[in-house]
Amino acid sequence: MHYQMANIIEHIIITEELKGDINLSNMELPVIYTNNIEKTVGTLLHEAAGNFLLAIFIVPFQMYGKIYEYLKSVDHSVLYYKLIIIGSDDNIDYNSFDNLNYIGDILPKSVAEKKFNFAIKKSRVVLQEFIQYEQKNITYSAKLEDAQRDQEDLIDIGRSLSGEKDMGKLLRLILYLSKKITGADAGSIYLVEEDENGNKRLRFKFSHTFSRNVPLEEFTMKMNKESIAGYVAITGEVLNIPDAYKLPDSAPYSFNQDFDKQHGYISRSMLVVPMRNHFDQVIGVMQLLNSKEDKSGLKKYENEAFQIKLRLLDDFDKYIVTFDKRYNRLLEAIAGQAAISIENNRLINQIEMQFEEFVKASVTAIESRDPATSGHSFRVANICKEIAYAINESNSGYFKDFHFTEEDIKELEFAALLHDFGKVYIDVNIFKKSKKLYPKDLENLKLRFDYLYRCIELTYSFKEIEILRKAISSNNPCEDEINKLRLEKESKLKRVIAIKDELVMLNEPTVTDAEPENILKRIVDEIEDFHCLDISGKEMDILTENDKVNLAVKKGSLNNDERHEIESHVIETYKFVRQIPWPPEYKRIPEIAMYHHEKLDGTGYPDKLAGKDSILIQSRIMAIADIYDALTAHDRSYKNAVPVDKVKSILKEEADNNKIDSDIVDLLLETKICEKNFLH
């Protein structure tokens, strides 16, 4: 901000009544005779806009009261005046003057010319000194206000830079605030980087010009002293250039005029500062162009950077000034803050990327233990994100008061990626159990039926031999009895094969409404008539209790004990995930992950929570995403993928039964998220 002293406009104002009585022919100041003080003063104030008005009023005593009352209402920061009262001692009431500061003198009509001129001169000098004093106060006050604004801006910059994580937004913020403080019209930021050979170069990263809408793309340039930005990056010096077109011959750098020529611009004043990190290394350069100032002194603009536009070539002469030297240190401080923020931003982004990759690698390792659900966590995370974005776009109904920030969505994504992490503590055989019976148990069951088959064959062979023996000894025919026996044997053997095949089919897990318990009960009742003896002659169970428990499973492949062990994974997930030192914005990840199997009607696990208010919306989102992927996944060995239309019906039914959130289900279906491909 530059400070310009206002002009002083001076007048002697005399009432018409005194025109013939007072001789003002030799006055240095312009004289105005008037019979309407108010109108005259109003006109002068309008003409003197932005300047100080110095006025010496010469009025008769009888008009003093009225004129003084009016002058008290005028802005005294603009009008500075003295009153010279004309009258004799006989008609002047000296007790009527309530403020002597504004009385320049009291003179009779017959006063000598020299004395009258002296009174005017004295009043003028007093007013001029007072105005100069006021000008200094105004200038000092403006400087103090400007310094206070700079301090406030610096505090705001520190607060803003420390809170911004997006690199693009961070660079725009740095440039915006720097231009705001200095009144700059344009600015650019260059960042130092290394190429594949380790050579340093400058990358033109971001630029903005208030007076031009210029789309600029990133590019790199050599880092040497030939360019202004390169010189500052190498030397670490601050350059405050009054006019880029008038660089001294001794300057090692030159100004590239290509931008100005292409866009009808004139880059005059420049302030170029290095951006140093906490190791005192220059990591970038901030370049500001054209400090703007309203030279009229009228204070028409609150902030020249935003409000003054350089549209015409004349505007560059009219408004551009050299950057105030005090901005050198101020911008160095800002650039230093910015450099540290950029470095911190890079470090944070690197840590976040490494952490995210670690989480993904861990999830991949965990899912490799369970081929049946490989990729499940990644797909659930993607579905959760899609639902969260859809909620953000919903401006009515249940979701109008919900909004997920980018941190909220990242929190939800991490929770979804880790929601099954507790499965690492579960017996891997349970994960790989693709049928109701483990392969070895099924094989044993089939062997027992094969053994039963041979036992029946052997039993009937013994019976046939016994019939033949009796027939031979009695010399009686036995053909009919043998045929009947053989038909009975064949019927039983066929039934054994049929039951064996039926049990093999029953071993296949389904998500249908079939009742395996009824099928199993019928089979158990039927095979009770099949007697099978082991080698010691004892009755042998063809169907073990383990077979019955597992084959009676209606949906999926897990029995109750196995399912309870699987369900314990949410507790194990919570125990593990809560040990991670999450930053505050991710503090709900353990809770979100733990409750993704809760149901709105209280039948879920682990805590049987009931109602929307009891379950975080993130957990409700994940519950639906989890069900959706489990139904549509093509990699589940224990079932085929369910068609999307059937999945929609299942989700609607679950929502209608108050198992899952109906609002989220409706949103999922309305936005057609369920029709997207979430293959990882």
Side-chain angles (χ1 to χ4, degrees), residues 162-170 172-173 345-346 348-364 367 375-421 570 573-574 577-578 580-598 612-613 615-629 651 660-661 663-680:
S162 64
E164 184 54 66
K165 294 182 180 180
D166 182 271
M167 178 66 83
K169 291 181 180 178
L170 180 61
R172 287 192 289 273
L173 183 62
N345 187 277
R346 285 173 174 170
I348 290 171
N349 288 340
Q350 183 179 3
I351 292 172
E352 286 183 347
M353 182 184 68
Q354 290 174 340
F355 181 75
E356 186 169 345
E357 291 305 313
F358 170 76
V359 169
K360 290 179 178 179
S362 300
V363 172
T364 300
E367 290 195 340
H376 168 69
S377 295
F378 293 98
R379 294 192 296 270
V380 169
N382 287 332
I383 297 169
C384 286
K385 288 164 60 180
E386 289 288 333
I387 295 174
Y389 285 127
I391 288 174
N392 282 352
E393 294 176 4
S394 180
N395 298 319
S396 60
Y398 177 70
F399 297 116
K400 64 181 175 63
D401 296 325
F402 286 94
H403 179 78
F404 293 96
T405 64
E406 286 302 317
E407 287 78 13
D408 292 335
I409 292 175
K410 181 60 68 174
E411 178 186 55
L412 177 59
E413 180 185 10
F414 278 142
L417 286 171
L418 295 168
H419 77 283
D420 280 344
F421 199 89
V570 295
T573 294
Y574 178 77
V577 174
R578 73 174 178 176
I580 299 174
W582 299 102
E585 59 267 28
Y586 298 154
K587 65 182 179 181
R588 295 173 298 183
I589 286 177
E591 182 181 357
I592 294 170
M594 181 171 67
Y595 290 136
H596 73 279
H597 279 297
E598 294 288 357
K612 287 184 178 182
D613 294 338
I615 308 170
L616 290 173
I617 187 172
Q618 292 92 331
S619 297
R620 287 180 269 141
I621 290 172
M622 198 187 304
I624 293 169
D626 191 47
I627 295 171
Y628 172 81
D629 184 71
L651 290 175
I660 55 180
D661 193 318
D663 290 300
I664 298 175
V665 170
D666 290 341
L667 184 70
L668 181 77
L669 302 181
E670 290 169 5
T671 55
K672 299 185 178 180
I673 293 174
C674 56
E675 297 178 13
K676 293 184 179 182
N677 184 358
F678 291 100
L679 294 179
H680 176 65

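Along the sequence shown, the residues carry numbers beginning at 1. Fair warning: this is a prediction, and the values are worked out from it, not measured in the lab.
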Take Glu411 and Gln618, measure what side chain to side chain contact (heavy atoms under 4.5 Å, CB included) needs, and give me the verdict at the end. CA-CA 9 Å; Glu411 178 186 55; Gln618 292 92 331; 4.1 Å; yes
I'd like to know whether Ile387 forms a side chain to side chain contact (heavy atoms under 4.5 Å, CB included) with Thr671, so could you lay out the CA-CA distance, the side-chain angles of the two residues, the decisive distance to 0.1 Å, and finally the verdict. CA-CA 9 Å; Ile387 295 174; Thr671 55; over 6 Å; no
Those residues that, when tested against Phe402, pass ring-ring contact (aromatic ring centres under 6.0 Å, His included) (two or more places apart): Tyr398
Are Phe414 and Ile580 side-chain neighbours, meaning at least one heavy-atom pair lies under 4.5 Å? no
To the nearest 0.5 Å, atom CG of Asp626 lies from atom CD1 of Ile383 at 9.0 Å
Just to verify, what does Lys587 make a side chain to side chain contact (heavy atoms under 4.5 Å, CB included) with, not counting sequence neighbours? none
Any residue meeting side chain to side chain contact (heavy atoms under 4.5 Å, CB included) with Ala623, in chain and number order, not counting sequence neighbours: none
Taking all non-hydrogen atoms of both residues, which atom of Phe421 and which atom of Thr573 are closest, and how far apart? N-OG1, 3.5 Å
Apply the test side chain to side chain contact (heavy atoms under 4.5 Å, CB included) to residues Glu407 and Leu412: give CA-CA distance (whole Å), side-chain angles for both, the deciding distance (0.1 Å), then the verdict. CA-CA 9 Å; Glu407 287 78 13; Leu412 177 59; over 6 Å; no
How would you list, by chain and number, every residue that makes a side chain to side chain donor-acceptor pair (under 3.5 Å) with Lys410, sequence neighbours excluded? Glu356, Glu413
Under the ring-ring contact (aromatic ring centres under 6.0 Å, His included) test, which residues partner Tyr595, sequence neighbours left out? none
Do the side chain of Trp582 and the main chain of Pro590 share a donor and acceptor less than 3.5 angstrom apart? no
Side chain to side chain contact (heavy atoms under 4.5 Å, CB included) between Ile664 and Ile660, intermediate numbers included: CA-CA 8 Å; Ile664 298 175; Ile660 55 180; over 6 Å; no
For Asp661, what residues pass the side chain to side chain donor-acceptor pair (under 3.5 Å) criterion, not counting sequence neighbours? Lys612, Arg620
Approximate separation, where rounding is to 0.5 Å, of His403 NE2 and Ile409 CD1: 7.5 Å
Salt-bridge criterion met for Arg588 and Asp408 (N-O under 4.0 Å): yes
Does a side-chain heavy-atom distance below 4.5 Å link Val577 with Met594? no
Side chains of Met622 and Val380: does their closest heavy-atom pair fall under 4.5 Å? yes
Would you give the length of the straight line joining atom CD1 of Ile391 to atom NZ of Lys400, rounded to the nearest 0.5 angstrom? 14.5 Å
Work out which heavy atom in Ala625 is nearest to a heavy atom in Cys384; give both atom names and the distance. CB-SG, 3.8 Å
Heavy-atom check, side chain of Ile624 versus side chain of Val665, under 4.5 Å: yes
Got a second to check how far Ile627's CD1 is from Leu668's CG, nearest 0.5 Å? 11.0 Å
Side-chain donor/acceptor of Asn392 to backbone N/O of Phe404, under 3.5 Å: yes
Please tell me whether His419 and His376 form a close aromatic pair, meaning their ring centres lie under 6.0 Å apart. yes
Kindly say whether Ile592 contributes a backbone atom to a donor-acceptor pair with the side chain of Ser619 at under 3.5 angstrom? yes
